[in-house]
Protein chains: 2
Amino acid sequence: MDDRYVAGGLISRCEHCAVRNGAVCGALKPDEIEHLNRIVRRRTVKPGETILSDEEPADFLANIVSGVIKLTKTLSDGRQQIVGLQFAPDFLGRAYGASHRYFAEAATEVELCCFPRAEFEKLLVIYPDLEHRLFERTLRELDAAREWMVLLGRKTAEEKVASFMVMLARRSAIIGCGGKDPQDVARFMMPLTRADIADCLGLTIETVSRQITRLKVQSVVRVLDSRSFLVPSMDRLCAAAGLDSTEI
Amino acid sequence: MDDRYVAGGLISRCEHCAVRNGAVCGALKPDEIEHLNRIVRRRTVKPGETILSDEEPADFLANIVSGVIKLTKTLSDGRQQIVGLQFAPDFLGRAYGASHRYFAEAATEVELCCFPRAEFEKLLVIYPDLEHRLFERTLRELDAAREWMVLLGRKTAEEKVASFMVMLARRSAIIGCGGKDPQDVARFMMPLTRADIADCLGLTIETVSRQITRLKVQSVVRVLDSRSFLVPSMDRLCAAAGLDSTEI
DNA sequence: CCCAACGCTTGATACAAATCAAGGAGAGCG
DNA sequence: CGCTCTCCTTGATTTGTATCAAGCGTTGGG
């Protein structure tokens, strides 16, 4: 199997990941890559399919090669909250304690690079640096979760939707379509349905739709089609999101 | 210095912590305790004082010996959200990356057991198990944050207040005041003001106050005084919190 | 002692977002 | 082609929570 896929984001010589994750993705030695190649298994998941459930223990962990995964929690009466989004080249799964406390569901078509749990835990012993990188990742996930708590608890519907767009633009934008400042113009795809956005933001689909319309009317974003957007000024979008320039 | 205080929750022979944190708190060898005793420094913080700021890098990490610490984030216009509460014997501070992304403020009088950052990072090298325990802790914090996201995004004001009481009762209750089932009667102290509760739950103080009154009228809780509560039936409180028995 | 400050509660009113309801655009299919 | 289905938008109405406002009890200081 191609190193690029073994790589994903966590264990990686993959250029893409190295750029995105900087120091976390230290290069592995050839024999380590070789080792990984032997235990890894590729898998493709269709949109809407469940990848991990909170009921059955997960027997694998995975690098996300492409696509978007929703981590969801659902109350007994059906109210749902998305507690995390994972994009390539994120890492899916918990190293310790096999059981997940939430569902992982494919939001788009997803390609995974799976490590059987038992094998992966052996890796943790063999390559001590691996646990450290997992730890760094978990710290960043915690920061993101806490950032999101501010959004859920204290932002208005318009700020929530704008913040969501900022997050997406930053994570997946094709930046700088001709403008002199690369921050000036960002185009991005929306990998989620309105229902998913609502579950992310603690809103209803109608409110999400209305707020997108409002941002469109104010010319904060241009809606190319319901799944792709253009941001004329990142600063204005950030202002609508209630973020000052100092923030992430 | 007494081992109990060196211990806190993270690095510990402390019985209290061992009970609360189980396997995470492996016993240290006598020379390790000795090593810790040499670098640790005790500190007391008054309610309302800032312990860590997101502006200046933190030069220390700490075990919480007693008291409650709020982790807060504030938007530029002053709206505030509490993104975490830490009780004794939790661990305060980030191992990697000195800068905090939030404020840590004493909610009550707090006693800390501080490790200078430089010394602590040497410890991480000397005792590899230490990083692992920190990692486990971080995973639990992440779970708690995601649990809280469901509350912030999808629960009603009444469910939020009831959930908050469940959390407090579980973390700090004097359980089983005479009832045959230890789950039957729980009494707990409220270490936070109404304003803090509101900032935790994404509500206003007025709404918090009204919902506490509602729970009182429904006899879900008895208000002994504005800072202490009695829960006649944990099951009823959980029902009011929108938690089924299977949940945390 | 009085007075101000603080934390908390309660009431009246306003408003943002939910809910209820209808319809349009596009995809897939017989 | 017509059909259904899903996703999305928009409008009318309701409702839960915020906001504004007043007052109570306790604490601490002059």
Side-chain angles (χ1 to χ4, degrees), chain A residues 46-49 70 75 77-81 107-109 151-165 189-218 221-229 240 242, chain B residues 46-48 68 70 75 77-81 107-109 151-165 189-218 221-229 240 242:
Chain A
K46 296 224 175 338
E49 257 182 67
K70 308 179 277 181
L75 295 173
D77 62 358
R79 282 175 289 175
Q80 192 173 74
Q81 177 69 45
T108 63
E109 170 126 342
L151 176 145
L152 290 171
R154 290 303 186 198
K155 289 193 178 176
T156 65
E158 184 174 355
E159 289 170 330
K160 285 178 176 182
V161 171
S163 299
F164 189 75
M165 289 181 175
M189 287 307 219
M190 176 62 68
L192 304 181
T193 66
R194 299 293 186 261
D196 287 333
I197 303 171
D199 283 345
C200 252
L201 301 176
L203 299 171
T204 59
I205 52 173
E206 294 95 330
T207 299
V208 170
S209 181
R210 276 187 253 270
Q211 297 305 330
I212 291 176
T213 304
R214 281 190 65 182
L215 292 172
K216 186 173 69 181
V217 169
Q218 298 169 244
V221 293
R222 280 174 51 201
V223 182
L224 304 179
D225 70 70
S226 77
R227 290 299 191 94
S228 70
F229 296 82
Chain B
K46 296 224 176 337
V68 180
K70 308 179 277 182
L75 296 173
D77 62 358
R79 281 174 290 176
Q80 193 172 72
Q81 176 68 45
T108 63
E109 171 127 341
L151 177 146
L152 290 171
R154 291 303 187 197
K155 288 193 179 177
T156 65
E158 184 175 354
E159 288 169 332
K160 285 179 176 182
V161 170
S163 299
F164 189 76
M165 290 181 174
M189 288 307 217
M190 175 63 65
L192 303 181
T193 65
R194 300 292 187 260
D196 288 334
I197 304 172
D199 283 345
C200 251
L201 301 177
L203 299 171
T204 59
I205 52 173
E206 294 95 331
T207 299
V208 169
S209 180
R210 276 186 252 269
Q211 298 305 329
I212 290 176
T213 304
R214 282 190 65 182
L215 291 171
K216 186 172 70 181
V217 169
Q218 298 170 245
V221 293
R222 279 175 50 200
V223 182
L224 304 179
D225 70 69
S226 77
R227 289 300 192 94
S228 69
F229 296 82

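Scope of the values below: all heavy atoms of this structure, side chains included, with no hydrogens, waters or symmetry mates. On a predicted model such as this, the values are computed, not experimentally measured, just so you know. First the proteins, then the strands, lettered A, B, ... as listed; each starts at 1.
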*Mind checking side chain to side chain donor-acceptor pair (under 3.5 Å) for B/T108 and listing every partner two or more places apart, or none if nothing turns up?*
none
*asked:* Could you tell me the boundaries of the chain B footprint on DNA chain C, defined by atoms under 4.0 Å from its heavy atoms?
replied: C/dC8 to C/dA12
*Residues in side-chain contact (heavy atoms from CB on, under 4.5 Å) contact with A/S228, at least two apart in sequence or another chain*: A/M189, A/L224, A/D225
*Partner residues of B/R194 under the side-chain contact (heavy atoms from CB on, under 4.5 Å) criterion, sequence neighbours left out*: B/M190, B/I197, B/I205, B/V208, B/I212, B/S226, B/F229
_Walk along nucleotides 7-18 of chain D from 5' to 3' and tag each nucleotide B, S or - by protein heavy-atom contact under 4.0 Å, base first, then sugar-phosphate._
-SBBBB----SS
Identify all side-chain donor-acceptor contacts of residues 157-164 of chain A below 3.5 Å with residues at least two apart in sequence or on another chain.
{"unit_1": "A/E158", "atom_1": "OE1", "unit_2": "A/R214", "atom_2": "NH2", "d": "3.1"}
{"unit_1": "A/E159", "atom_1": "OE1", "unit_2": "A/T156", "atom_2": "N", "d": "2.9"}
{"unit_1": "A/E159", "atom_1": "OE1", "unit_2": "A/T156", "atom_2": "OG1", "d": "3.3"}
{"unit_1": "A/E159", "atom_1": "OE1", "unit_2": "B/R79", "atom_2": "NH1", "d": "2.8"}
{"unit_1": "A/E159", "atom_1": "OE1", "unit_2": "B/R79", "atom_2": "NH2", "d": "3.3"}
{"unit_1": "A/E159", "atom_1": "OE2", "unit_2": "B/R79", "atom_2": "NH2", "d": "2.8"}
{"unit_1": "A/K160", "atom_1": "NZ", "unit_2": "A/L201", "atom_2": "O", "d": "2.9"}
{"unit_1": "A/S163", "atom_1": "OG", "unit_2": "A/K155", "atom_2": "NZ", "d": "3.1"}
{"unit_1": "A/S163", "atom_1": "OG", "unit_2": "A/E159", "atom_2": "O", "d": "2.7"}
{"unit_1": "A/S163", "atom_1": "OG", "unit_2": "A/A241", "atom_2": "O", "d": "3.2"}

*Would you call B/K70 and B/D199 a side-chain contact if the rule is heavy atoms closer than 4.5 Å?*
no
*Close side-chain approach of B/Q211 to B/T207, heavy-atom, < 4.5 Å*: yes
*Which atoms form the tightest heavy-atom contact between B/A107 and B/L192, and what is the distance?*
CB-CD2, 3.4 Å
